[in-house]
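Read the structure below first, then the notes.
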There are 2 protein chains.
Amino acid sequence: MTALHTPFALKLGAFVALSDMELNLLNQLHNRRRTFPARRDMIYEGQVERSAYILASGWVCSYKLLPGGTRQIVDFQIPGDFLGLRSVLFRTADHNIEPITRVKASEVHVQDLLETFNSAPRLAAAVLWAASRDEAMVVEHLVDIGRRDAKQRMAHFLLELGARLKLVGLASNDGYSCPLTQYLLADALGLSAVHVNRVLRELREDGFVTFQLGRVIFDDFDGLVAFCEFDRNYLDHDGPLMK
Amino acid sequence: MTALHTPFALKLGAFVALSDMELNLLNQLHNRRRTFPARRDMIYEGQVERSAYILASGWVCSYKLLPGGTRQIVDFQIPGDFLGLRSVLFRTADHNIEPITRVKASEVHVQDLLETFNSAPRLAAAVLWAASRDEAMVVEHLVDIGRRDAKQRMAHFLLELGARLKLVGLASNDGYSCPLTQYLLADALGLSAVHVNRVLRELREDGFVTFQLGRVIFDDFDGLVAFCEFDRNYLDHDGPLMK
DNA sequence: CGAAGACGCTGATCTGTGTCAGTCAATCCT
DNA sequence: AGGATTGACTGACACAGATCAGCGTCTTCG
(Lines give C-alpha, C1' and ligand atoms only; values in the text may rest on other atoms or scores of the structure.)
Protein backbone atom coordinates (compact mmCIF):
# COMPACT_ATOMS: atom_id res chain seq x y z
CA MET A 1 0.00 0.00 0.00
CA THR A 2 1.59 3.27 -1.13
CA ALA A 3 1.59 6.39 1.00
CA LEU A 4 -1.07 7.76 -1.27
CA HIS A 5 -3.52 5.07 -0.30
CA THR A 6 -3.78 4.93 3.44
CA PRO A 7 -6.91 3.27 4.78
CA PHE A 8 -8.24 6.71 5.62
CA ALA A 9 -7.85 7.91 2.03
CA LEU A 10 -9.34 4.68 0.73
CA LYS A 11 -12.39 5.13 2.89
CA LEU A 12 -13.03 8.76 2.03
CA GLY A 13 -12.24 7.98 -1.60
CA ALA A 14 -15.18 5.61 -1.66
CA PHE A 15 -17.52 8.57 -1.33
CA VAL A 16 -15.71 11.44 -2.97
CA ALA A 17 -13.40 10.96 -5.92
CA LEU A 18 -10.21 12.46 -4.56
CA SER A 19 -7.86 14.63 -6.60
CA ASP A 20 -4.09 14.35 -6.18
CA MET A 21 -4.14 17.61 -4.31
CA GLU A 22 -6.72 16.32 -1.88
CA LEU A 23 -4.84 13.07 -1.42
CA ASN A 24 -1.74 15.04 -0.54
CA LEU A 25 -3.59 17.10 2.01
CA LEU A 26 -4.92 13.93 3.61
CA ASN A 27 -1.46 12.47 3.83
CA GLN A 28 -0.16 15.57 5.52
CA LEU A 29 -2.53 14.80 8.38
CA HIS A 30 -0.49 11.69 9.01
CA ASN A 31 2.74 13.26 10.21
CA ARG A 32 2.33 12.94 13.97
CA ARG A 33 2.58 9.14 14.06
CA ARG A 34 2.25 7.38 17.41
CA THR A 35 2.24 3.77 18.53
CA PHE A 36 0.18 2.28 21.33
CA PRO A 37 0.56 -1.14 22.99
CA ALA A 38 -2.44 -3.46 23.20
CA ARG A 39 -4.76 -3.29 26.19
CA ARG A 40 -3.70 0.01 27.64
CA ASP A 41 -6.48 2.61 27.30
CA MET A 42 -5.63 5.38 24.85
CA ILE A 43 -8.50 7.59 25.98
CA TYR A 44 -10.51 7.07 29.13
CA GLU A 45 -13.80 8.45 30.44
CA GLY A 46 -13.29 11.75 32.17
CA GLN A 47 -9.93 12.43 30.55
CA VAL A 48 -9.37 16.15 30.03
CA GLU A 49 -6.64 16.20 27.41
CA ARG A 50 -8.55 16.11 24.18
CA SER A 51 -6.90 14.43 21.25
CA ALA A 52 -8.25 12.81 18.12
CA TYR A 53 -6.55 10.15 16.06
CA ILE A 54 -6.80 8.51 12.70
CA LEU A 55 -6.19 4.79 12.95
CA ALA A 56 -3.43 3.65 10.59
CA SER A 57 -3.12 0.00 11.61
CA GLY A 58 -4.46 -2.28 14.32
CA TRP A 59 -7.87 -2.52 15.96
CA VAL A 60 -9.35 -0.65 18.91
CA CYS A 61 -12.69 -0.65 20.69
CA SER A 62 -14.66 2.10 22.39
CA TYR A 63 -16.70 1.12 25.39
CA LYS A 64 -18.51 2.32 28.48
CA LEU A 65 -17.96 0.86 31.91
CA LEU A 66 -20.87 0.10 34.20
CA PRO A 67 -20.68 0.38 37.96
CA GLY A 68 -21.20 -3.37 38.23
CA GLY A 69 -17.89 -4.00 36.48
CA THR A 70 -19.40 -5.16 33.22
CA ARG A 71 -18.91 -3.11 30.12
CA GLN A 72 -20.67 -2.45 26.85
CA ILE A 73 -18.51 -2.11 23.77
CA VAL A 74 -20.11 0.54 21.60
CA ASP A 75 -18.07 -0.08 18.49
CA PHE A 76 -14.82 -1.40 17.13
CA GLN A 77 -12.58 0.85 15.08
CA ILE A 78 -10.51 -0.42 12.20
CA PRO A 79 -7.80 1.22 10.07
CA GLY A 80 -9.05 4.41 8.47
CA ASP A 81 -11.45 5.22 11.29
CA PHE A 82 -11.42 8.32 13.45
CA LEU A 83 -10.88 7.95 17.20
CA GLY A 84 -12.21 10.35 19.76
CA LEU A 85 -13.67 12.84 17.33
CA ARG A 86 -16.41 13.56 19.82
CA SER A 87 -14.07 13.94 22.78
CA VAL A 88 -12.69 16.99 20.99
CA LEU A 89 -16.09 18.62 21.27
CA PHE A 90 -16.69 17.94 24.92
CA ARG A 91 -14.45 19.06 27.70
CA THR A 92 -13.98 15.47 28.75
CA ALA A 93 -14.21 12.15 26.96
CA ASP A 94 -17.44 10.28 27.65
CA HIS A 95 -16.15 6.80 26.96
CA ASN A 96 -12.99 4.73 26.96
CA ILE A 97 -10.93 3.66 23.99
CA GLU A 98 -8.76 0.60 24.25
CA PRO A 99 -6.44 -0.90 21.65
CA ILE A 100 -7.12 -4.55 20.97
CA THR A 101 -3.88 -5.07 19.10
CA ARG A 102 -0.76 -2.97 18.86
CA VAL A 103 -1.89 0.17 17.15
CA LYS A 104 -0.40 2.86 14.95
CA ALA A 105 -2.32 6.10 14.80
CA SER A 106 -1.79 9.68 13.67
CA GLU A 107 -2.60 12.37 16.15
CA VAL A 108 -4.74 15.09 14.65
CA HIS A 109 -5.07 18.59 16.05
CA VAL A 110 -8.33 20.38 15.50
CA GLN A 111 -6.31 23.19 13.97
CA ASP A 112 -4.85 21.01 11.23
CA LEU A 113 -8.22 19.54 10.45
CA LEU A 114 -9.79 22.96 10.06
CA GLU A 115 -6.98 24.14 7.80
CA THR A 116 -7.34 21.07 5.65
CA PHE A 117 -11.07 21.69 5.32
CA ASN A 118 -10.33 25.25 4.37
CA SER A 119 -8.08 24.22 1.50
CA ALA A 120 -10.37 21.45 0.33
CA PRO A 121 -14.01 21.84 1.41
CA ARG A 122 -14.97 18.57 -0.24
CA LEU A 123 -12.88 16.80 2.38
CA ALA A 124 -15.00 18.38 5.10
CA ALA A 125 -18.07 16.87 3.50
CA ALA A 126 -16.34 13.50 3.29
CA VAL A 127 -15.33 13.55 6.95
CA LEU A 128 -18.81 14.63 7.96
CA TRP A 129 -20.13 11.79 5.89
CA ALA A 130 -17.87 9.33 7.68
CA ALA A 131 -18.96 10.66 11.07
CA SER A 132 -22.60 10.24 10.12
CA ARG A 133 -21.93 6.72 8.96
CA ASP A 134 -20.43 5.93 12.36
CA GLU A 135 -23.51 7.30 14.04
CA ALA A 136 -25.74 5.23 11.78
CA MET A 137 -23.76 2.19 12.82
CA VAL A 138 -24.39 2.81 16.49
CA VAL A 139 -28.10 3.03 15.71
CA GLU A 140 -27.90 -0.25 13.85
CA HIS A 141 -26.22 -1.86 16.87
CA LEU A 142 -29.11 -0.63 18.95
CA VAL A 143 -31.53 -2.38 16.63
CA ASP A 144 -29.28 -5.42 16.72
CA ILE A 145 -29.28 -5.75 20.47
CA GLY A 146 -32.88 -4.68 20.93
CA ARG A 147 -34.61 -6.77 18.34
CA ARG A 148 -32.47 -9.59 16.97
CA ASP A 149 -31.72 -12.85 18.72
CA ALA A 150 -28.15 -13.89 19.46
CA LYS A 151 -27.60 -15.84 16.25
CA GLN A 152 -28.85 -13.18 13.86
CA ARG A 153 -27.07 -10.56 15.90
CA MET A 154 -23.75 -12.31 15.48
CA ALA A 155 -24.37 -12.88 11.79
CA HIS A 156 -25.26 -9.26 11.24
CA PHE A 157 -22.23 -8.13 13.14
CA LEU A 158 -19.80 -10.27 11.18
CA LEU A 159 -21.24 -9.07 7.89
CA GLU A 160 -21.12 -5.43 8.92
CA LEU A 161 -17.51 -5.76 9.97
CA GLY A 162 -16.74 -7.39 6.63
CA ALA A 163 -18.35 -4.54 4.74
CA ARG A 164 -16.33 -1.98 6.66
CA LEU A 165 -13.07 -3.85 6.18
CA LYS A 166 -13.71 -4.29 2.48
CA LEU A 167 -13.91 -0.52 2.16
CA VAL A 168 -10.30 -0.19 3.31
CA GLY A 169 -9.06 -3.22 1.42
CA LEU A 170 -8.85 -5.58 4.39
CA ALA A 171 -11.58 -8.05 3.46
CA SER A 172 -13.26 -9.77 0.54
CA ASN A 173 -16.54 -11.63 0.24
CA ASP A 174 -14.60 -14.74 1.21
CA GLY A 175 -13.66 -13.45 4.62
CA TYR A 176 -11.11 -11.51 6.63
CA SER A 177 -8.70 -11.90 9.50
CA CYS A 178 -10.02 -10.67 12.81
CA PRO A 179 -8.24 -10.32 16.16
CA LEU A 180 -11.41 -10.23 18.28
CA THR A 181 -11.76 -12.75 21.09
CA GLN A 182 -15.05 -14.29 22.09
CA TYR A 183 -15.01 -12.14 25.22
CA LEU A 184 -14.81 -8.98 23.14
CA LEU A 185 -17.66 -10.18 20.94
CA ALA A 186 -19.70 -10.85 24.06
CA ASP A 187 -19.13 -7.35 25.43
CA ALA A 188 -20.09 -5.83 22.09
CA LEU A 189 -23.18 -7.90 21.40
CA GLY A 190 -24.64 -7.90 24.89
CA LEU A 191 -24.15 -11.64 25.31
CA SER A 192 -22.16 -13.86 27.63
CA ALA A 193 -18.90 -15.31 26.34
CA VAL A 194 -20.32 -18.79 26.79
CA HIS A 195 -23.22 -18.04 24.54
CA VAL A 196 -21.00 -16.39 21.95
CA ASN A 197 -19.18 -19.67 21.71
CA ARG A 198 -22.40 -21.63 21.23
CA VAL A 199 -23.72 -19.24 18.61
CA LEU A 200 -20.48 -19.34 16.63
CA ARG A 201 -20.60 -23.11 16.65
CA GLU A 202 -24.18 -23.11 15.40
CA LEU A 203 -23.39 -20.69 12.59
CA ARG A 204 -20.46 -22.92 11.64
CA GLU A 205 -22.57 -26.10 11.73
CA ASP A 206 -25.23 -24.40 9.63
CA GLY A 207 -22.56 -23.82 7.00
CA PHE A 208 -22.85 -20.02 7.14
CA VAL A 209 -19.57 -18.71 8.62
CA THR A 210 -16.49 -20.10 10.28
CA PHE A 211 -14.72 -17.92 12.81
CA GLN A 212 -11.64 -19.76 14.00
CA LEU A 213 -7.96 -19.04 14.58
CA GLY A 214 -8.40 -15.35 14.04
CA ARG A 215 -10.08 -15.64 10.66
CA VAL A 216 -13.67 -15.13 9.61
CA ILE A 217 -14.55 -17.24 6.58
CA PHE A 218 -17.87 -16.82 4.85
CA ASP A 219 -18.86 -20.34 3.82
CA ASP A 220 -22.18 -19.18 2.41
CA PHE A 221 -22.19 -15.40 2.07
CA ASP A 222 -25.59 -15.08 0.41
CA GLY A 223 -27.16 -17.50 2.83
CA LEU A 224 -25.81 -15.52 5.74
CA VAL A 225 -27.08 -12.23 4.31
CA ALA A 226 -30.52 -13.76 3.92
CA PHE A 227 -30.48 -15.37 7.35
CA CYS A 228 -29.95 -12.13 9.27
CA GLU A 229 -31.72 -9.87 6.78
CA PHE A 230 -28.59 -7.81 6.24
CA ASP A 231 -29.24 -4.71 4.18
CA ARG A 232 -26.50 -4.67 1.56
CA ASN A 233 -26.70 -0.91 1.03
CA TYR A 234 -26.74 0.09 4.65
CA LEU A 235 -23.08 1.03 4.69
CA ASP A 236 -22.54 2.16 1.13
CA HIS A 237 -24.96 5.03 0.98
CA ASP A 238 -25.20 7.31 -1.98
CA GLY A 239 -22.51 9.59 -0.63
CA PRO A 240 -22.63 13.12 0.67
CA LEU A 241 -24.36 16.07 -0.86
CA MET A 242 -21.26 17.68 -2.23
CA LYS A 243 -20.16 14.72 -4.27
CA MET B 1 -44.06 30.92 27.89
CA THR B 2 -43.07 34.07 26.02
CA ALA B 3 -41.87 34.01 22.44
CA LEU B 4 -38.40 34.65 23.75
CA HIS B 5 -38.31 31.39 25.63
CA THR B 6 -39.23 28.61 23.29
CA PRO B 7 -38.13 25.15 24.42
CA PHE B 8 -35.35 25.33 21.85
CA ALA B 9 -33.98 28.56 23.32
CA LEU B 10 -34.33 27.17 26.83
CA LYS B 11 -32.32 24.14 25.92
CA LEU B 12 -29.50 25.96 24.17
CA GLY B 13 -29.55 28.56 26.93
CA ALA B 14 -28.63 25.87 29.42
CA PHE B 15 -25.21 25.63 27.80
CA VAL B 16 -24.51 29.07 26.43
CA ALA B 17 -25.78 32.22 28.09
CA LEU B 18 -27.77 33.77 25.25
CA SER B 19 -27.77 37.47 24.49
CA ASP B 20 -30.97 39.21 23.35
CA MET B 21 -29.55 39.34 19.86
CA GLU B 22 -28.96 35.61 19.84
CA LEU B 23 -32.42 34.95 21.26
CA ASN B 24 -33.91 36.97 18.45
CA LEU B 25 -31.98 35.06 15.85
CA LEU B 26 -33.22 31.81 17.33
CA ASN B 27 -36.79 32.99 17.22
CA GLN B 28 -36.47 33.92 13.58
CA LEU B 29 -35.86 30.26 12.86
CA HIS B 30 -39.40 29.62 14.02
CA ASN B 31 -41.31 31.34 11.25
CA ARG B 32 -42.20 28.39 9.03
CA ARG B 33 -44.59 26.77 11.53
CA ARG B 34 -46.27 23.50 10.58
CA THR B 35 -48.65 21.14 12.34
CA PHE B 36 -48.70 17.35 12.07
CA PRO B 37 -51.42 14.93 13.22
CA ALA B 38 -50.50 12.04 15.49
CA ARG B 39 -49.42 8.73 14.03
CA ARG B 40 -48.74 9.78 10.46
CA ASP B 41 -45.01 9.56 9.67
CA MET B 42 -43.40 12.95 9.17
CA ILE B 43 -40.23 11.50 7.68
CA TYR B 44 -39.83 7.94 6.49
CA GLU B 45 -36.90 5.75 5.60
CA GLY B 46 -35.86 6.29 2.01
CA GLN B 47 -37.58 9.65 1.69
CA VAL B 48 -35.70 11.95 -0.68
CA GLU B 49 -37.05 15.35 0.28
CA ARG B 50 -34.77 16.46 3.04
CA SER B 51 -36.20 18.69 5.70
CA ALA B 52 -35.23 19.36 9.28
CA TYR B 53 -37.54 20.60 12.02
CA ILE B 54 -37.36 22.04 15.47
CA LEU B 55 -40.05 20.59 17.70
CA ALA B 56 -42.18 23.30 19.30
CA SER B 57 -44.79 21.17 21.05
CA GLY B 58 -45.81 17.53 21.18
CA TRP B 59 -43.77 14.34 21.20
CA VAL B 60 -42.37 12.27 18.33
CA CYS B 61 -40.28 9.11 18.07
CA SER B 62 -37.64 8.03 15.58
CA TYR B 63 -37.48 4.35 14.81
CA LYS B 64 -36.24 1.71 12.43
CA LEU B 65 -38.46 -1.00 10.98
CA LEU B 66 -37.29 -4.61 10.78
CA PRO B 67 -38.33 -6.96 8.02
CA GLY B 68 -40.16 -9.09 10.57
CA GLY B 69 -42.58 -6.25 11.27
CA THR B 70 -41.18 -5.37 14.67
CA ARG B 71 -39.52 -2.06 15.19
CA GLN B 72 -36.88 -0.51 17.40
CA ILE B 73 -37.50 3.00 18.62
CA VAL B 74 -34.14 4.75 18.69
CA ASP B 75 -35.22 7.79 20.64
CA PHE B 76 -38.10 10.03 21.56
CA GLN B 77 -37.96 13.71 20.75
CA ILE B 78 -39.51 16.34 22.98
CA PRO B 79 -40.07 20.08 22.52
CA GLY B 80 -36.82 21.86 21.76
CA ASP B 81 -35.27 18.89 19.96
CA PHE B 82 -34.10 18.79 16.37
CA LEU B 83 -35.76 16.34 13.97
CA GLY B 84 -34.04 14.85 10.98
CA LEU B 85 -30.82 16.79 11.29
CA ARG B 86 -28.97 13.82 9.90
CA SER B 87 -31.38 13.30 7.03
CA VAL B 88 -30.18 16.64 5.72
CA LEU B 89 -26.71 15.20 5.32
CA PHE B 90 -27.65 12.03 3.52
CA ARG B 91 -29.52 11.89 0.27
CA THR B 92 -32.25 9.88 1.92
CA ALA B 93 -33.47 9.53 5.47
CA ASP B 94 -32.25 6.37 7.20
CA HIS B 95 -35.06 6.06 9.69
CA ASN B 96 -38.68 6.97 10.25
CA ILE B 97 -40.07 9.74 12.39
CA GLU B 98 -43.58 9.47 13.72
CA PRO B 99 -45.53 11.94 15.85
CA ILE B 100 -46.91 10.42 19.03
CA THR B 101 -49.19 13.35 19.72
CA ARG B 102 -50.32 16.23 17.59
CA VAL B 103 -47.16 18.14 16.86
CA LYS B 104 -46.15 21.68 16.07
CA ALA B 105 -42.76 22.11 14.49
CA SER B 106 -40.80 24.77 12.65
CA GLU B 107 -39.31 23.78 9.34
CA VAL B 108 -35.69 24.79 9.07
CA HIS B 109 -33.81 25.18 5.82
CA VAL B 110 -30.12 24.48 5.85
CA GLN B 111 -29.62 27.92 4.39
CA ASP B 112 -31.27 29.70 7.32
CA LEU B 113 -29.31 27.65 9.79
CA LEU B 114 -26.02 28.55 8.14
CA GLU B 115 -26.90 32.22 8.05
CA THR B 116 -27.79 32.17 11.71
CA PHE B 117 -24.48 30.54 12.53
CA ASN B 118 -22.73 33.19 10.52
CA SER B 119 -24.29 36.00 12.53
CA ALA B 120 -23.79 34.25 15.86
CA PRO B 121 -21.06 31.62 15.88
CA ARG B 122 -21.75 30.75 19.50
CA LEU B 123 -25.08 29.35 18.38
CA ALA B 124 -23.28 26.97 16.06
CA ALA B 125 -21.35 25.63 19.02
CA ALA B 126 -24.56 25.27 21.00
CA VAL B 127 -26.31 23.37 18.23
CA LEU B 128 -23.28 21.14 17.77
CA TRP B 129 -23.34 20.56 21.49
CA ALA B 130 -26.98 19.54 21.35
CA ALA B 131 -26.30 17.16 18.46
CA SER B 132 -23.48 15.53 20.39
CA ARG B 133 -25.71 15.15 23.41
CA ASP B 134 -28.25 13.33 21.25
CA GLU B 135 -25.56 11.00 20.04
CA ALA B 136 -24.41 10.37 23.59
CA MET B 137 -27.98 9.44 24.44
CA VAL B 138 -28.14 6.82 21.73
CA VAL B 139 -24.95 5.33 23.14
CA GLU B 140 -26.49 5.29 26.58
CA HIS B 141 -29.53 3.47 25.21
CA LEU B 142 -27.17 0.91 23.76
CA VAL B 143 -25.67 0.35 27.20
CA ASP B 144 -29.18 0.25 28.62
CA ILE B 145 -30.40 -2.48 26.34
CA GLY B 146 -27.14 -4.40 26.28
CA ARG B 147 -26.31 -4.53 29.95
CA ARG B 148 -29.20 -3.59 32.23
CA ASP B 149 -32.14 -5.79 33.11
CA ALA B 150 -35.70 -4.71 32.35
CA LYS B 151 -36.37 -3.02 35.67
CA GLN B 152 -33.21 -0.92 35.78
CA ARG B 153 -33.63 -0.16 32.11
CA MET B 154 -37.07 1.26 32.66
CA ALA B 155 -35.92 3.22 35.71
CA HIS B 156 -32.99 4.68 33.83
CA PHE B 157 -35.19 5.60 30.92
CA LEU B 158 -37.76 7.41 33.03
CA LEU B 159 -35.05 9.38 34.80
CA GLU B 160 -33.33 10.33 31.57
CA LEU B 161 -36.58 11.55 30.11
CA GLY B 162 -37.21 13.56 33.23
CA ALA B 163 -33.80 15.21 32.99
CA ARG B 164 -34.40 16.17 29.38
CA LEU B 165 -37.86 17.54 30.09
CA LYS B 166 -36.61 19.54 33.04
CA LEU B 167 -34.20 21.29 30.71
CA VAL B 168 -37.09 22.71 28.72
CA GLY B 169 -39.26 23.40 31.72
CA LEU B 170 -41.62 20.44 31.31
CA ALA B 171 -40.69 18.44 34.39
CA SER B 172 -39.57 18.74 37.99
CA ASN B 173 -38.03 16.24 40.38
CA ASP B 174 -41.60 15.34 41.33
CA GLY B 175 -42.53 14.07 37.89
CA TYR B 176 -43.92 14.99 34.51
CA SER B 177 -46.77 14.24 32.18
CA CYS B 178 -45.96 11.73 29.52
CA PRO B 179 -48.05 10.58 26.52
CA LEU B 180 -46.13 7.34 25.92
CA THR B 181 -48.07 4.09 25.86
CA GLN B 182 -46.70 0.83 27.19
CA TYR B 183 -46.37 -0.37 23.60
CA LEU B 184 -44.12 2.57 22.76
CA LEU B 185 -42.03 1.92 25.84
CA ALA B 186 -41.71 -1.70 24.79
CA ASP B 187 -40.50 -0.79 21.31
CA ALA B 188 -37.96 1.61 22.76
CA LEU B 189 -36.59 -0.60 25.52
CA GLY B 190 -36.42 -3.86 23.59
CA LEU B 191 -39.08 -5.50 25.76
CA SER B 192 -42.54 -6.93 25.20
CA ALA B 193 -45.50 -4.78 26.12
CA VAL B 194 -46.57 -7.40 28.64
CA HIS B 195 -43.28 -7.21 30.42
CA VAL B 196 -43.32 -3.41 30.41
CA ASN B 197 -46.56 -3.60 32.31
CA ARG B 198 -45.13 -5.96 34.92
CA VAL B 199 -41.98 -3.90 35.37
CA LEU B 200 -43.98 -0.71 35.85
CA ARG B 201 -46.07 -2.43 38.47
CA GLU B 202 -42.97 -3.64 40.32
CA LEU B 203 -41.42 -0.17 40.30
CA ARG B 204 -44.67 1.20 41.66
CA GLU B 205 -44.93 -1.45 44.38
CA ASP B 206 -41.31 -0.78 45.34
CA GLY B 207 -42.30 2.83 45.95
CA PHE B 208 -39.92 4.20 43.32
CA VAL B 209 -42.11 5.62 40.51
CA THR B 210 -45.73 5.63 39.51
CA PHE B 211 -46.53 5.85 35.82
CA GLN B 212 -50.29 6.01 35.44
CA LEU B 213 -52.86 8.03 33.55
CA GLY B 214 -50.24 9.78 31.45
CA ARG B 215 -48.19 10.99 34.38
CA VAL B 216 -44.84 9.89 35.73
CA ILE B 217 -44.54 10.56 39.45
CA PHE B 218 -41.27 10.03 41.25
CA ASP B 219 -42.26 8.65 44.65
CA ASP B 220 -38.65 8.22 45.70
CA PHE B 221 -36.37 10.11 43.34
CA ASP B 222 -33.10 9.44 45.15
CA GLY B 223 -33.96 5.80 45.67
CA LEU B 224 -34.66 5.44 41.97
CA VAL B 225 -31.40 7.14 41.01
CA ALA B 226 -29.52 4.76 43.28
CA PHE B 227 -31.43 1.71 42.09
CA CYS B 228 -30.49 2.10 38.42
CA GLU B 229 -27.13 3.79 39.01
CA PHE B 230 -28.21 6.85 37.07
CA ASP B 231 -25.35 9.27 36.49
CA ARG B 232 -26.71 12.67 37.45
CA ASN B 233 -24.23 14.55 35.28
CA TYR B 234 -24.60 12.49 32.17
CA LEU B 235 -26.90 14.98 30.49
CA ASP B 236 -25.67 18.25 31.95
CA HIS B 237 -22.13 18.20 30.69
CA ASP B 238 -19.74 21.09 31.12
CA GLY B 239 -20.94 22.74 27.96
CA PRO B 240 -19.22 23.33 24.65
CA LEU B 241 -15.76 24.63 24.10
CA MET B 242 -16.81 28.11 23.04
CA LYS B 243 -18.72 28.91 26.19
C1' DC C 1 -76.82 3.46 19.98
C1' DG C 2 -73.84 -0.34 19.46
C1' DA C 3 -69.50 -2.01 17.51
C1' DA C 4 -64.70 -1.77 17.09
C1' DG C 5 -60.36 -0.42 18.48
C1' DA C 6 -56.95 1.21 21.77
C1' DC C 7 -54.85 0.52 25.99
C1' DG C 8 -53.92 -1.32 30.61
C1' DC C 9 -53.60 -5.36 33.05
C1' DT C 10 -53.02 -10.47 34.46
C1' DG C 11 -51.96 -15.71 34.88
C1' DA C 12 -49.83 -19.83 32.69
C1' DT C 13 -46.42 -21.63 30.04
C1' DC C 14 -42.33 -21.86 27.15
C1' DT C 15 -37.57 -20.65 25.74
C1' DG C 16 -33.28 -18.18 24.91
C1' DT C 17 -29.49 -16.93 27.44
C1' DG C 18 -27.02 -16.39 31.66
C1' DT C 19 -24.49 -18.62 35.37
C1' DC C 20 -21.61 -22.07 37.33
C1' DA C 21 -18.16 -25.14 37.05
C1' DG C 22 -14.98 -27.18 34.71
C1' DT C 23 -11.40 -29.19 30.74
C1' DC C 24 -7.78 -28.45 27.47
C1' DA C 25 -4.24 -26.17 24.58
C1' DA C 26 -1.29 -22.38 23.75
C1' DT C 27 1.51 -18.68 25.31
C1' DC C 28 3.99 -15.85 28.48
C1' DC C 29 6.81 -15.14 32.49
C1' DT C 30 10.62 -15.82 35.93
C1' DA D 1 11.13 -26.12 33.35
C1' DG D 2 7.18 -25.13 35.99
C1' DG D 3 3.50 -22.01 36.99
C1' DA D 4 0.31 -18.51 35.70
C1' DT D 5 -2.59 -16.61 32.37
C1' DT D 6 -5.59 -16.44 28.39
C1' DG D 7 -8.78 -18.14 25.15
C1' DA D 8 -11.76 -21.73 23.15
C1' DC D 9 -15.01 -24.91 24.37
C1' DT D 10 -18.73 -27.86 26.91
C1' DG D 11 -22.68 -29.73 29.94
C1' DA D 12 -26.12 -28.97 33.69
C1' DC D 13 -29.12 -25.96 35.61
C1' DA D 14 -31.66 -21.56 36.60
C1' DC D 15 -34.22 -17.67 35.44
C1' DA D 16 -35.62 -13.29 33.01
C1' DG D 17 -38.49 -12.21 29.81
C1' DA D 18 -41.27 -13.73 25.59
C1' DT D 19 -45.48 -15.59 24.07
C1' DC D 20 -50.25 -16.93 24.35
C1' DA D 21 -54.72 -16.16 25.75
C1' DG D 22 -57.82 -13.55 27.87
C1' DC D 23 -60.59 -9.67 30.65
C1' DG D 24 -62.17 -4.91 31.43
C1' DT D 25 -62.52 0.06 30.49
C1' DC D 26 -62.47 3.99 27.53
C1' DT D 27 -62.81 6.33 23.32
C1' DT D 28 -64.08 6.80 18.65
C1' DC D 29 -66.98 6.51 14.95
C1' DG D 30 -70.53 4.87 11.67
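Naming: A, B, ... by sequence-line order, numbering from 1 per chain.
Atom NZ of Lys151(A) is separated from atom P of dT17(C) by 11 Å (rounded to the nearest Å).
Counting only distance, with no hydrogens or angles, the side chain of Ser106(A) and the backbone of Asn31(A) share no donor-acceptor pair below 3.5 Å. Of the possible donor and acceptor atoms, one in the side chain of Arg147(B) sits under 3.5 Å from a partner among the backbone N and O of Arg71(A). One N or O on the side chain of Gln47(A) and one on the backbone of Tyr44(A) form a donor-acceptor pair closer than 3.5 Å. Within the 3.5 Å criterion, the main-chain N or O of Gly190(B) finds no donor-acceptor partner in the side chain of Asp187(B). A donor-acceptor contact shorter than 3.5 Å is absent between the side chain of Glu45(A) and the backbone of Lys64(A).
If you check the side chains of Asn96(B) and Tyr63(B), you find a donor sitting under 3.5 Å from an acceptor. No hydrogens or angles considered: a donor-acceptor pair under 3.5 Å links the side chains of Asp219(B) and Thr210(B). Asp81(B) and Tyr53(B) share no side-chain donor-acceptor pair at under 3.5 Å.
Contacts between residues 62-76 of chain B and DNA chain D, defined by a heavy-atom separation below 4.0 Å, involve no residue at all. Of the residues in residues 187-202 of chain A, those placing a heavy atom less than 4.0 Å from an atom of DNA chain D are Val194(A), Asn197(A), Arg198(A), Arg201(A), in numerical order.
Checking the phosphate oxygens (OP1, OP2) of dC9(C), a side-chain nitrogen or oxygen of Gln182(B) falls inside 4.0 Å.
Checked against ring-ring contact (aromatic ring centres under 6.0 Å, His included), Phe211(A) has no partners two or more places apart in sequence or in another chain. Partners of His141(A) under the ring-ring contact (aromatic ring centres under 6.0 Å, His included) rule, at least two apart in sequence or in another chain, do not exist in this structure.
In Arg39(A), the CZ atom is not crowded: 12 or fewer heavy atoms of neighbouring residues, nucleotides or ligands sit closer than 6.0 Å.
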What does the B/S/- profile of nucleotides 25-30 of chain C look like, 5' to 3', with a 4.0 Å heavy-atom cutoff to protein?
------
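A pairwise comparison of heavy atoms in Gln77(A) and Arg164(A) identifies CA-NH2, 4.0 Å as the closest pair.
Between Phe208(A) and Phe221(A), the ring center distance fails the sub-6.0 Å criterion.
Comparing Arg147(A) and Arg204(A) along DNA chain D, the residue whose closest nucleotide (by nearest heavy atom) sits nearer the 5' end is Arg204(A).
Reading DNA chain D from its 5' end, the first and the last nucleotide to sit under 4.0 Å from a heavy atom of chain B are dG17(D) to dC20(D).
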